[in-house]
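Since the structure comes first, as structure tokens, the remarks are kept for the end.
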Amino acid sequence: MAEVHVIGQIMGATGFSESSLFCKWGIHTGAAWKLLSGVREGQTQVDTPQIGDMAYWSHPIDLHFATKGLQGWPRLHLQVWSQDSFGRCQLAGYGFCHVPSSPGTHRLDCPTWRPLGSWREQLARAFVGGGPQLLHGDAIYSGADRYRLHTTSGGTVHLELSLLLRHFDRYGVEC
């Protein structure tokens with residue numbers, strides 16, 4: 001089978017109005033993909049920017065896949081959360097990006113968004129915290145129901161990913 005090795009890091013995030021940010025991430029693939037090593041999901045530590053607005057995470061990603069075809073190429077889905085001084089967490093943004101399909105090192109900027117909710121939910125979010133969240137996480141990367149959502153933009157998550165492709169030509173998989 002053809003193999004894809006993804007090595008890199010979630011470097012951090014900028015542009016969020018909240019501070020004390022952390023990121024939950026996961027990778028979604030099609031049925032023809034098998035994870036040989038690594039973990040499909042994870043979470044960074046909380047970082048509060050002291051200078052500037054960049055929250056630094058430097059969270060490693062190391063995944064090794066085998067595949068029979070290109071359908072269902074890996075997508076990285078992200079959830080950025082903020083934590084207040086009482087330890088309460090609230091959603092700051094959802095985002096996703098496709099893992100690049102060419103070998104080499106790639107820098108990616110993943111824009112995020114969050115559900116806006118009604119004016120009451122917005123007011124409650126401002127004073128109490130919380131706010132609307134998605135019931136099903138697959139709406140992050142599948143556009144079927146996303147068009148009906150009222151959203152607002154969040155910040156940007158910065159990633160650096162390196163890809164190694166192996167045996168694609170041997171098994172007739174063309175990039």
Side-chain angles (χ1 to χ4, degrees), residues 6-29 33 35 37-63 65 72-100 106-162:
V6 181
I7 304 167
Q9 64 178 323
I10 302 173
M11 295 182 343
T14 57
F16 286 92
S17 58
E18 301 89 348
S19 61
S20 298
L21 300 172
F22 66 96
C23 181
K24 295 180 181 182
W25 65 273
I27 194 134
H28 180 77
T29 58
W33 292 76
L35 183 65
S37 67
V39 292
R40 283 195 178 271
E41 58 188 25
Q43 179 175 317
T44 69
Q45 80 279 1
V46 176
D47 184 46
T48 305
Q50 301 297 313
I51 299 174
D53 74 336
M54 176 86 167
Y56 290 97
W57 298 318
S58 300
H59 183 80
I61 294 176
D62 189 355
L63 303 161
F65 291 101
W73 191 267
R75 294 175 284 196
L76 206 58
H77 55 94
L78 308 164
Q79 295 180 24
V80 178
W81 294 78
S82 66
Q83 186 177 47
D84 66 11
S85 59
F86 300 109
R88 297 177 299 193
C89 298
Q90 78 177 13
L91 178 70
Y94 293 111
F96 86 95
C97 59
H98 291 274
V99 171
H106 307 272
R107 287 186 175 263
L108 305 173
D109 292 329
C110 180
T112 63
W113 56 272
R114 64 175 174 80
L116 198 52
S118 68
W119 67 271
R120 286 183 182 183
E121 290 171 321
Q122 292 176 44
L123 191 62
R125 184 180 198 279
F127 289 107
V128 183
Q133 298 175 24
L134 296 177
L135 292 175
H136 304 288
D138 59 347
I140 297 170
Y141 50 82
S142 68
D145 292 326
R146 219 174 33 203
Y147 72 93
R148 291 188 280 163
L149 294 173
H150 293 222
T151 63
T152 185
S153 61
T156 303
V157 177
H158 307 284
L159 302 108
E160 185 176 276
L161 300 176
S162 297

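Not measured: the values here are computed from a predicted model.
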Mind checking the [atom1]-[atom2] spacing from [X] to [Y]? Nearest 0.5 Å is all I need.
X: I10; Y: S58; atom1: CD1; atom2: OG; answer: 10.5 Å
X: S162; Y: D62; atom1: OG; atom2: CG; answer: 10.5 Å
X: L159; Y: H59; atom1: CG; atom2: NE2; answer: 11.0 Å
X: I27; Y: E41; atom1: CD1; atom2: CD; answer: 11.5 Å
X: L63; Y: W33; atom1: CG; atom2: CH2; answer: 11.0 Å
X: Q90; Y: R114; atom1: CD; atom2: CZ; answer: 7.5 Å

Heavy-atom closest contact ([X] atom, [Y] atom, distance):
X: Q83; Y: F22; result: CB-CE2, 4.5 Å
X: K24; Y: W81; result: CD-NE1, 3.8 Å
X: M54; Y: D47; result: O-OD2, 4.1 Å
X: P100; Y: L161; result: CD-CD1, 4.2 Å
X: W57; Y: L21; result: NE1-O, 3.1 Å
X: S82; Y: S19; result: CB-O, 3.5 Å

Within-4.5 Å side-chain heavy-atom neighbours: I61 and L76: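 I61 reaches L76 side chain to side chain.
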R40 side chain reached by T29 side chain, heavy atoms, under 4.5 Å: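 Yes - at least one pair of side-chain heavy atoms lies under 4.5 Å apart.
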With no hydrogens and no angle check, is any side-chain donor or acceptor of [X] less than 3.5 Å from a backbone partner on [Y]?
X: D53; Y: T14; answer: no
X: T156; Y: D109; answer: no
X: T112; Y: G155; answer: yes

Evaluation steps, side-chain contact (heavy atoms from CB on, under 4.5 Å), between C110 and L78: CA-CA 9 Å; C110 180; L78 308 164; 3.6 Å; yes
